[in-house]
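Each chain gets a letter, A, B and so on, in the order its sequence line appears, and its residues count up from 1.
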Amino acid sequence: MSVSRRKFLGWLGAAGMGTAFGTSANAASNKHFTGYPDSMGILHDISLCVGCRSCEAACNKVNELPPPEKPFDDKSVLDKKRRTTASVHTVVNKYDNAEGTKGPVFVKTQCNHCLEPACASACFVKAFAKTKEGPVSYDPSVCVGCRYCMVACPFNIPTYEYDSAFSPRVMKCTMCHPRVIQGRLPGCVESCPKEALTFGKRDDLLRIARERIRKHPERYVDHIYGEHEMGGTSWLYLSNTSFASIGMREDLGTTAAPNLTAGALGAVPLVVGLWPVLLTGVYAMSKRKEKIAKEEEAQAVGDAVAATKAEGEEKLSAALAKAGKDKDSAIKREVKKALEEAAKAQKEEAAEAKTEEDA
Amino acid sequence: MSQEAAVFGETSPPGKSLYTPFNVIAGIILIVGFVITILRFTKGLGAVTNLDNNYPWGIWIGFDLMAGVALAAGGYVTSAAVYIFGMKRYHSAVRPAILTGFLGYALVVVALHYDVGRPWRLPYPFIMQQGTTSLLFEVAACVALYLTVLFIEFSTAPLEWLGLKRARSIVVRLTMVLTIFGVILSTLHQSSLGALFLLAPSKLHPLWYSSYLPVFFFVSSVIAGLSMVIFESTLSHRYFAHKMDETHLAEKEGVALGFGKAASLVLAGYFTIKVLGISMDNNWHLLGTGYGMWFLVELLGFIALPCFLYAVGVREKNLCLIKWTSGLTVLGIILNRLNVCLIAFNWHLPSDEKYFPHWMEIGISVFVVTAGIVVFRFIVTRMPILYEHPDYKDSH
């Protein structure tokens, strides 16, 4: 099989189709996103939280979640570290031995509503979206249930309804998106008796947080958690102790999740573009090699045959020549022999004649 | 022997009972798997798995998907070697490799139906909304397309079996395009399976997390593909030698030596870039920790060692050593995928919160592998896989 023009054009067409199938992804672009303007957020002042769990109760009520095993005024649940579950969108945890504090420190945990969410970046059916109001929304009507969002979330927030056979959903805090659109406060913020939670525009919240740190440098750690973590989150945290000592990871970095996979996604057009060209080239080379090898083989065989033939002829002519020579010498020999015999006969005759004379 | 008896009884002499050890064990596994299947789809994932909110992915992803896709790489590796690089002497290895690849991918998709919450929505990423920012979208698209490519590539065997000459000749003419398409798709999704974890730098242990993850996964898939061809050929020869034609038997040894040599070289390259990965992130100090020891077990015991053993086996033409090494290499690839997906994942979690599979999860994985073996056996005992169909000799 040789590479005909038609075949080559066919492959070119296939390569073109491959390129057309390539995915386009903004994640691989150099766009810089710092959050929707005027989007809302919540500032959690950890130093003000008393662990009353009112927010948990409100969250449960607002989201119509199943009733808890132990009532919300039962403080014993705080003794064990908890995480969000399919029926609990927010939990308050107690840390007794936080750095540089006397009493226990209480931290509320829920979806942080990242500015560039890992879950949204990970979802292959776009079930997650960062809304312009601030909350990260989830659409269960398209969710396949691959749970890559749960793998991707750096804060370990999304949960899954593993016990549902026919309509399992990913469950997480919605930042009360339906209420926010109506101009109402999220359930947890509304219920907080100590004003540990402040709802507002994220930009305003950052100003408030900075102001508090400036006014009470002795009280706060000089860091607003969520301002830059993983590219920034809509939930912001102020703390009176190091974040690491209250279960909040300080090693997450400031790279937004989509940027982590941008490089890999950017390689797609490269592979789709380069492979067909390279492989077709390799194929053409191996074909050509094969062809040349075949030709060389044919050439070698021809040469060998010719050489054998020539050698054979040479041998033959040599043999013939030798045969001729042999014949000549045989004749000479015979002639010589005959002459010798003749001479001998003559001698004998002469001798005979002499004896006869003597006699 | 009747057709039905042949399904199960081909390896035993005619007239013997259907209750051979293989059939009994396979039968039990299939029945248990069937029962778990019913439980899974009527009671939900929670009833049969130990998955939780910290470990959304278990062995159905770590083993069935991650390892399954890697081990099914023999198809594209072999067809590329033979059709693109022109290594005709391995031609008899193409069909078994394509069959193994096709069944591997088909089973990956089957296993995926168990794992995702709503399997009937698996086409949604293509027909509803395309989440193109997700590497999982790339994986899904490539696996779907590549399964189709493998099906077409494989279809020559059943078409010959059924005597459909015209359809077969159309497929054969597509060989080159399919092979190139297969290499593109495999490069993309093999690497993307590793790239999936690029999104979780805070969860995957730094020794396994690397910006090279996609490269690691792609290169190791080549190793897995080469080793699986040797491994599968060894098993096929043991059980289906009577199905092999002279060409296959004559080329078999060359395939093991050639693929063993290639695997040794690629393993050496893989070892080098793994070490490069540690250097790039300067993670040397982590080698002294518990996870570091485990990393060294993988790096030395399942990458460096098989690399060396393959090299020795090839130099001394020790086929037995090459065969055992292929098994060791396959285990190493499985170990690597389990490490990335499960063992070194969530390494911050205390050990009591870590995941260990439920026996029913293992049951489904065993069920899926067994189903693959049974189907493989059904096909090689009927279709021209290990031998050339007499009507189409010299037609390639």
I'd like to verify something: which residue of A/A120, A/A127, A/C153 has the highest number of heavy-atom pairs under 4.5 Å with chain B?
A/C153
For A/C146, is it the side chain, the backbone, both, or neither that has a heavy atom closer than 4.5 Å to a heavy atom of chain B?
both
Less than 4.5 Å to any heavy atom of chain B: does that hold for the side chain of A/S164, its backbone, both, or neither?
backbone
Hey, which of B/T49, B/L39, B/T37, B/V35 is the one that makes side chain to side chain contact (heavy atoms under 4.5 Å, CB included) with B/M360?
B/L39
B/A195 versus chain A, heavy atoms under 4.5 Å apart: side chain, backbone, both or neither?
both
Is the terminal nitrogen or CZ of B/R337 (NZ for Lys, CZ for Arg) located under 6.0 angstrom from the six-membered ring centre of B/F217 and within 45° of that ring's axis?
yes
Between A/S141, A/G253, A/P154, which has the largest tally of heavy atom pairs under 4.5 Å with chain B?
A/S141
Cut-off 4.5 Å, heavy atoms of chain B, and the answer for A/S167 is both
B/Y124 versus chain A, heavy atoms under 4.5 Å apart: side chain, backbone, both or neither?
both
Using heavy-atom distances under 4.5 Å, tell me whether A/F128 contacts chain B through its side chain, its backbone, both, or neither.
neither
For chain A, the option from B/G46, B/A80, B/G44, B/S134 that forms the most heavy-atom pairs under 4.5 Å:
B/S134
So for A/L279, is it side chain, backbone, both, or neither that comes closer than 4.5 Å to the heavy atoms of chain B?
both
A/W235-A/Y225 aromatic ring centre distance below 6.0 Å:
no
Chain B shares the most heavy-atom pairs under 4.5 Å, among A/V271, A/N156, A/L274, A/V151, with A/V151
Taking every non-hydrogen pair under 4.5 Å, which of A/A267, A/A257, A/G145, A/A118 racks up the most with chain B?
A/G145
Can a cation-pi geometry be assigned to B/R40 and B/Y114, taking NZ or CZ under 6.0 Å from the six-membered ring centre and within 45° of the ring axis?
no
Among B/L213, B/D52, B/T42, who wins on heavy-atom pairs under 4.5 Å with chain A?
B/D52
Partner of B/T175 by side chain to side chain contact (heavy atoms under 4.5 Å, CB included), out of B/T179, B/L178, B/V171, B/V177:
B/T179
Most contacts with chain A, counted as non-hydrogen pairs under 4.5 angstrom, among B/F197, B/F345, B/F126
B/F345
For chain B, which of A/I157, A/T255, A/V142 has the most heavy-atom pairs under 4.5 Å?
A/V142
Once rounded to the nearest 0.5 Å, what's the spacing between atom CG of B/N54 and atom NE2 of B/H348?
12.5 Å
B/K43 bridged to A/D163 by N-O distance under 4.0 Å:
no
Looking only at the aromatic ring of each residue, does the gap between the centers of B/F137 and A/F124 stay below 6.0 angstrom?
no
Check the pair B/V222 / B/Q190 against side chain to side chain contact (heavy atoms under 4.5 Å, CB included), numbers first and verdict last.
CA-CA 9 Å; B/V222 175; B/Q190 294 283 4; over 6 Å; no
At a heavy-atom separation under 4.5 Å, does B/Y55 approach chain A through its side chain, its backbone, both, or neither?
backbone
NZ/A/K132: more than 12 non-hydrogen atoms of other groups inside 6.0 Å
no
